[in-house]
*Asks:* 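What follows is a structure written as structure tokens; I'll ask about it next.
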Amino acid sequence: MFILEESKLLTLSDEVLMMILGSLSTTDLIRTSRTCERLNYLCLDMKLMTSLINPPDDYESMMLVFNKCINKKTKVLSISSSNYPNRGYTSSISPSMLFNLNPIYSTLDSHHIPSALTRLHLIRQVLDGEFVRNITMFPKTLKALDLSGTNVKYIKEESHWFRDMSQHFTELEELTLKDCFWVTTHSLMAISKCAELTSLNMEGCANVGNSIPYCSLACFQGFPKLKILNLNNTDIRNSDLQSFCKIVTLEEFYFGKYSMMDDPYLYSVWDSTIMHTIACEKLRIIDISGCFLGENEEHRRHQILITIFHLSLKLEKVFAYGMDPIPSHILEECKRTKPSLEIKQASFH
């Protein structure tokens, strides 16, 4: 006969239990909080809720996170779904939950308003643009905002969604919009005005690019501290690239065309553009994967790459996947004259 014995875990003091609970993930803390009243009280202690990383993506858990877990000491909140937003997917996050992140709209008491939140990651979520009308509805304390794969639906005018973000996010340093297909080139106008922005990731934003006026104005008037710019797999083309070369603070510049490698002629980059790019004196890393270097003959294209390797004094790494293979004797010459340079090149298929 099996006799159920009372767990000895609860015989431990609160101090010891807190040490044990402090080693659990956010998901484990939420699950443990549902076991009994005492553990519920301890699991939701403010000291354990400073970083909430990937809790279970279901409505009940989200209600607990946004109404009970988040507090004035929470610094990091990361919500991630395993699914990409599509017609058959609805997010577990409701507009009212997001409103509770902002003191202006929150209905919670002051102890549960995340006044210290600096990093917010909403990965592969669905936001209703009729309620979340502007990016400024997120807390102004943010230093990093990640909306990778997130879909904002029902936006009346996309350009208005980023309006006034520079006045709102005075300390924003990192902005990630990877695979946000609803973002357009016009968004750069508002984003470029963020004075403290050092990293911008727009990889996979298919509607960004092929708009010289917006690119030129954004790069000429803004991005005063931008160091990392990722435009891989966007519609950025030759003339657009020349605009981005005006950002003199750039240290890492990615504009590879990994999704277009079957048709490299579609995205031809002139050698003059490459020269403008490496003229950025602080540039350390460049990604030109999948780009077709103009209508030059093969030996001429190799010469352009060699020029890149030699002229950029601080260049440390070059990604050149999916391009014409560089002959071994040229690679050996580059390594001899610039031994610190790392060249990533191989067939992408």
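Here the structure is a predicted model, which means the values were calculated and not measured.
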*Asks:* Indicate the atoms forming the closest heavy-atom contact of T185 with G209, along with that distance.
*Replies:*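 Nearest heavy atoms, T185 then G209: OG1-N, 2.7 Å.
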*Asks:* Say whether N207 and T184, considering side chains only, have a donor N or O and an acceptor N or O under 3.5 Å apart.
*Replies:* no
*Asks:* Could you tell me which residues satisfy side chain to side chain contact (heavy atoms under 4.5 Å, CB included) with E171, sequence neighbours excluded, listed by chain and number?
*Replies:*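 So E171 forms a side chain to side chain contact (heavy atoms under 4.5 Å, CB included) with K143.
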*Asks:* How long is the gap from OG on S115 to CG on N102, to the nearest 0.5 Å?
*Replies:* 11.5 Å
*Asks:* To the nearest 0.5 Å, how far apart are NZ in K153 and CG in D128?
*Replies:* 7.0 Å
*Asks:* Could you measure the distance from the OG1 atom of T50 to the CG atom of L117? Nearest 0.5 Å is fine.
*Replies:* 11.5 Å
*Asks:* Stepwise, does the side-chain contact (heavy atoms from CB on, under 4.5 Å) test hold for N67 with N100?
*Replies:* CA-CA 8 Å; N67 294 326; N100 284 339; 3.2 Å; yes
*Asks:* What is the distance from atom CG of N151 to atom CZ of F181, rounded to the nearest 0.5 Å?
*Replies:*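 Nearest 0.5 Å value for the CG-CZ distance: 9.5 Å.
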*Asks:* Answer whether the closest heavy-atom distance between the side chains of K344 and Y321 falls below 4.5 Å.
*Replies:* yes
*Asks:* What is the distance from atom CG of L197 to atom OG of S166, rounded to the nearest 0.5 Å?
*Replies:* 11.0 Å
*Asks:* Does N54 form a side-chain hydrogen bond (donor to acceptor under 3.5 Å, both in side chains) with S78? I'd like the steps, not just the answer.
*Replies:* CA-CA 5 Å; N54 298 336; S78 179; 3.2 Å; yes
*Asks:* For the residue pair L122 and F138, establish whether any side-chain heavy-atom pair is separated by less than 4.5 Å.
*Replies:*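 In contact.
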*Asks:* Determine yes or no for a side-chain-to-main-chain donor-acceptor pair under 3.5 angstrom, with H168 supplying the side chain and T136 the backbone.
*Replies:*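 Answer holds: yes.
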*Asks:* Please give me the minimum heavy-atom distance between C219 and S243, naming the atom from each residue.
*Replies:*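 Closest approach of C219 to S243: CB-O, 3.3 Å.
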*Asks:* Could you tell me which non-hydrogen atom of S106 sits nearest to which non-hydrogen atom of I113, and how far apart they are?
*Replies:*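 Closest heavy-atom pair between S106 and I113: OG-CG1, 3.7 Å.
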*Asks:* Kindly indicate, with the supporting measurements, whether the criterion side-chain contact (heavy atoms from CB on, under 4.5 Å) is fulfilled by N201 and L177.
*Replies:* CA-CA 6 Å; N201 187 343; L177 300 170; over 6 Å; no
*Asks:* Verify, without hydrogens or angle tests, whether N71 (side chain) and C69 (backbone) share a donor-acceptor contact under 3.5 angstrom.
*Replies:* yes
*Asks:* Answer whether the closest heavy-atom distance between the side chains of R34 and S61 falls below 4.5 Å.
*Replies:* yes
*Asks:* Of T26, T27, L21, which is the lone residue that meets side-chain contact (heavy atoms from CB on, under 4.5 Å) with L24?
*Replies:*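 The residue from T26, T27, L21 that satisfies side-chain contact (heavy atoms from CB on, under 4.5 Å) with L24 turns out to be L21.
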*Asks:* Can you confirm whether M19 is buried at CE, in the sense that more than 12 heavy atoms of other residues, nucleotides or ligands lie under 6.0 Å from that atom?
*Replies:*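 No - once you tally the heavy atoms of other residues, nucleotides and ligands closer than 6.0 Å, there are 12 at most.
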*Asks:* Name the residue from K282, R284, K225 that meets the salt bridge (Lys or Arg N to Asp or Glu O under 4.0 Å) definition with E251.
*Replies:*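 The single option meeting the salt bridge (Lys or Arg N to Asp or Glu O under 4.0 Å) with E251 is R284.
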*Asks:* Taking the side chain from W161 and the backbone from V132, do they hold a donor-acceptor pair closer than 3.5 Å?
*Replies:*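 Confirmed, W161 side chain pairs with V132 backbone.
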*Asks:* Count the heavy atoms of every other residue, nucleotide or ligand shown that sit under 6.0 Å from OH of Y214, and state whether that count exceeds 12.
*Replies:* no
*Asks:* Hey, does the side chain of T35 reach the backbone of T32 with a donor-acceptor pair shorter than 3.5 angstrom?
*Replies:*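 Between the backbone of T32 and the side chain of T35 there is a qualifying donor-acceptor contact (under 3.5 Å).
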*Asks:* Test your reading of the model: is there a side-chain donor-acceptor pair from K257 to the backbone of I236, 3.5 Å cut-off?
*Replies:*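 Pair found, side chain donor or acceptor close to backbone of I236.
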*Asks:* Under the side-chain contact (heavy atoms from CB on, under 4.5 Å) rule, what do Y59 and I93 come out as? Steps first, then yes or no, please.
*Replies:* CA-CA 7 Å; Y59 184 76; I93 300 177; over 6 Å; no
*Asks:* So with a 6.0 Å cut-off around NZ of K246, is the heavy-atom count from everything else above 12?
*Replies:*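 Yes, because the 6.0 Å sphere around NZ of K246 holds more than 12 heavy atoms from other groups.
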*Asks:* According to a hydrophobic-cluster definition based on side-chain heavy atoms being under 4.5 Å apart (Ile, Leu, Val, Met, Phe, Trp, Tyr only), do V76 and L147 belong together?
*Replies:*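 Hydrophobic grouping puts V76 apart from L147.
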*Asks:* For N232 and F255, which heavy atoms make the closest approach, and how far apart are they?
*Replies:* OD1-N, 3.3 Å
*Asks:* Would you call S80 and R124 a side-chain contact if the rule is heavy atoms closer than 4.5 Å?
*Replies:* yes
*Asks:* For R38 and D14, what are the C-alpha separation, side-chain angles and deciding distance, and is it a salt bridge (charged side-chain N to carboxylate O under 4.0 Å, His left out)?
*Replies:* CA-CA 9 Å; R38 184 185 175 198; D14 286 355; 2.7 Å; yes
*Asks:* Please check if the side chain of T118 supplies one atom and the backbone of K75 the other of a donor-acceptor pair under 3.5 Å.
*Replies:* yes
*Asks:* Under the rule for side chain to side chain contact (heavy atoms under 4.5 Å, CB included), what residues qualify as partners of R133, not counting sequence neighbours?
*Replies:*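 Partners of R133 by the side chain to side chain contact (heavy atoms under 4.5 Å, CB included) criterion come out as none, since no residue qualifies.
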*Asks:* Taking the side chain as every heavy atom from C-beta outward, state whether L172 and L145 have any pair of such atoms under 4.5 Å apart.
*Replies:*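 A side-chain contact exists here, since the closest heavy-atom pair is under 4.5 Å.
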*Asks:* Following the transitive rule for hydrophobic clusters with a side-chain heavy-atom cut-off under 4.5 Å over Ile, Leu, Val, Met, Phe, Trp and Tyr, establish whether Y41 and I30 coincide in one cluster.
*Replies:*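 Yes, same cluster.
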*Asks:* Report yes if some heavy atom in the side chain of L48 is under 4.5 Å from a heavy atom in the side chain of M18; otherwise report no.
*Replies:*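 L48 vs M18: side chains touch.
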*Asks:* Set out, in order, the CA-CA distance, both residues' side-chain angles and the distance that settles side-chain contact (heavy atoms from CB on, under 4.5 Å) for F253 and I247, then state yes or no.
*Replies:* CA-CA 10 Å; F253 192 11; I247 307 175; over 6 Å; no
*Asks:* Is the W182 ring parallel, tilted or perpendicular to the F162 ring (thresholds 30°, 60°)?
*Replies:*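 The rings of W182 and F162 lie parallel, inter-plane angle below 30°.
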*Asks:* Would a single hydrophobic cluster contain both Y154 and F99, if residues Ile, Leu, Val, Met, Phe, Trp and Tyr are joined by side-chain heavy-atom contacts under 4.5 Å?
*Replies:* no
*Asks:* Please check this pair: side chain of T150 against backbone of Q125, looking for a donor-acceptor N/O pair closer than 3.5 Å.
*Replies:*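 Pair found, side chain donor or acceptor close to backbone of Q125.
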*Asks:* With M202 as reference, evaluate L188, L229, N230 under the side-chain contact (heavy atoms from CB on, under 4.5 Å) test and give the passing residue.
*Replies:* L188
*Asks:* A side-chain contact here means heavy atoms from C-beta on lying under 4.5 Å apart; do L64 and S33 qualify?
*Replies:* yes
*Asks:* Measure from the side-chain N and O atoms of T141 to the backbone N and O of A116, and report whether any donor-acceptor pair falls under 3.5 Å.
*Replies:*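 No; zero donor-acceptor contacts below 3.5 Å.
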*Asks:* Looking at D240 and D235, what are the two nearest heavy atoms and their distance?
*Replies:*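 Answer, listing the atom of D240 first, then D235: OD2-O, 4.0 Å.
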*Asks:* At what distance, to the nearest 0.5 angstrom, does CZ of R163 lie from CE of M189?
*Replies:* 12.0 Å
*Asks:* Compare all side-chain heavy atoms of P55 with those of I79 and state whether any distance is below 4.5 angstrom.
*Replies:*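 Yes, at least one pair of side-chain atoms sits under 4.5 Å.
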*Asks:* In chain order, what residues pass the side chain to side chain contact (heavy atoms under 4.5 Å, CB included) check against D164, with sequence neighbours excluded?
*Replies:* Q167
*Asks:* Provide the closest heavy-atom pair for C194 versus P224 in the form atom of the first, atom of the second, distance.
*Replies:* O-CD, 4.2 Å
